[in-house]
Amino acid sequence: MDRSAMKVSLGAERALRVRPATREDRAQVVRLIAADRPAVPFPAAEAPVGWEPRADRTVLVLHDADGRLHGAMAVDRRTTPGRLTGGVAWLHCREAPAAAEVLVRTLLAGSGGLTAVTAFTDPPPWPPHLAGLPLHRRPVTTRAFLAHGFRAMDHRLLLHRPAAPAADGPGPTGAPPLWVSPEGTLHRDRGAVGPPAPAVLWRRNLPRALDELDRAGGRDVLATVDLLAPGACELATVLAGFEFEELDLLRSLVLA
């Protein structure tokens with residue numbers, strides 16, 4: 001846990017206040033987002049963007065009397081015929097229990113009239129563009145949502161294969177990771193990842209793709225496996241055979 005999070009105890013909840021975000025909050029919001037990123041390399045220049053409010057999104061920040069931000073979240077509302085849904089697009093609080101609790105309570109207090117309340121169902125606009133709340137990386141936030149009646153809608157395993165050194169020397173460093181595609185090839189774009197093909201395609205395509213990558217060196221690889229989908233165990237086994245290791249478990253949430 002971030003040491004700065006320890007400064008916010010449960011007894012400090014009354015000293016924290018919620019207000020709409022302003023442009024002046026950008027630097028602090030960016031730091032909050034960066035503190036919760038998965039432990040995989042991304043270029044330093046890729047600062048989070050797209051956090052600002054928009055027509056269907058309210059961004060709220062949690063601050064103390066000195067103006068320091070302890071948390072931030074984006075709350076969406078969507079209208080479809082006969083339904084008004086909403087929920088948290090993203091939430092960051094350095095895993096401080098008091099901050100997580102206040103933000104979840106604020107979400108619920110403003111959810112009147114909604115037919116469904118969800119959390120973390122869509123990818124955020126910053127790398128690694130992953131929908132879902134990471135259980136291992138964000139245990140405090142996870143407990144705060146579950147304590148207020150949310151439950152998991154899905155379970156996606158996030159796996160990571162560290163970069164191999166290049167055969168002829170060190171490869172490029174700091175490059176964003178590649179993604180395993182539905183066919184078992186490699187892509188730069190997370191958006192290219194969709195429902196996986198049968199594991200037989202992964203067994204055929206992935207060795208060649210990884211071999212080419214290892215010869216160049218210097219690139220990590222990420223993959224996700226929907227644990228509720230048919231063949232999930234076989235796909236996870238294929239990835240484990242190529243030295244992928246579990247990085248986290250991603251879960252989108254819905255208020256039960």
Examine the side chains of H160 and E246 and answer whether a donor and an acceptor come within less than 3.5 Å of each other.
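Their side chains do not contain a donor-acceptor pair, so the 3.5 Å distance test is not met.
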Would you tell me whether Q28 and H63 have side-chain atoms, one donor and one acceptor, within less than 3.5 Å of each other?
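No, no side-chain donor-acceptor pair sits under 3.5 Å.
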Output the distance between atom [atom1] ([X]) and atom [atom2] ([Y]), rounded to the nearest 0.5 Å.
X: T141; Y: L135; atom1: OG1; atom2: CG; result: 11.0 Å
X: H136; Y: T142; atom1: NE2; atom2: OG1; result: 10.0 Å
X: L227; Y: L249; atom1: CG; atom2: CG; result: 6.0 Å

Is there a side-chain contact between [X] and [Y], using heavy atoms and a 4.5 Å cut-off?
X: L107; Y: V75; answer: yes
X: R251; Y: L146; answer: yes
X: L222; Y: L178; answer: no
X: V221; Y: L210; answer: yes
X: H155; Y: L228; answer: yes
X: R77; Y: D56; answer: no
X: R19; Y: D25; answer: yes
X: T118; Y: L255; answer: no

Looking at every non-hydrogen atom in both residues, tell me the closest pair between [X] and [Y] and how far apart they are.
X: W202; Y: P182; answer: NE1-O, 2.9 Å
X: A100; Y: A144; answer: CB-CB, 3.9 Å
X: D76; Y: A89; answer: OD2-CB, 3.6 Å

Quick check: is [Y] connected to [X] through a chain of hydrophobic side chains (ILVMFWY, heavy atoms under 4.5 Å apart)?
X: F242; Y: L213; result: yes
X: L253; Y: L108; result: yes
X: M73; Y: V18; result: yes

Derivation of the side chain to side chain contact (heavy atoms under 4.5 Å, CB included) call for L69 and V29:
CA-CA 8 Å; L69 299 192; V29 171; 3.9 Å; yes
Verdict with reasoning, R17 to L62, per side chain to side chain contact (heavy atoms under 4.5 Å, CB included)
CA-CA 5 Å; R17 296 289 182 269; L62 183 68; 5.9 Å; no
Aromatic plane relationship, W126 with H92 - under 30° parallel, 30 to 60° tilted, over 60° perpendicular:
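Tilted: the ring planes of H92 and W126 meet at 30° to 60°.
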Derivation and outcome, salt bridge (charged side-chain N to carboxylate O under 4.0 Å, His left out), residues R156 and D248:
CA-CA 9 Å; R156 295 183 303 280; D248 220 315; over 6 Å; no
Quick check: W90 with W51 (ring centres under 6.0 Å apart)?
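No, ring centres 6.0 Å or more apart.
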Would you check, one step at a time, whether the test salt bridge (charged side-chain N to carboxylate O under 4.0 Å, His left out) holds for E245 with R161?
CA-CA 6 Å; E245 298 182 349; R161 182 181 187 266; over 6 Å; no
Is D36 paired with R137 through a side-chain N to carboxylate O contact shorter than 4.0 Å?
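Salt bridge absent between R137 and D36.
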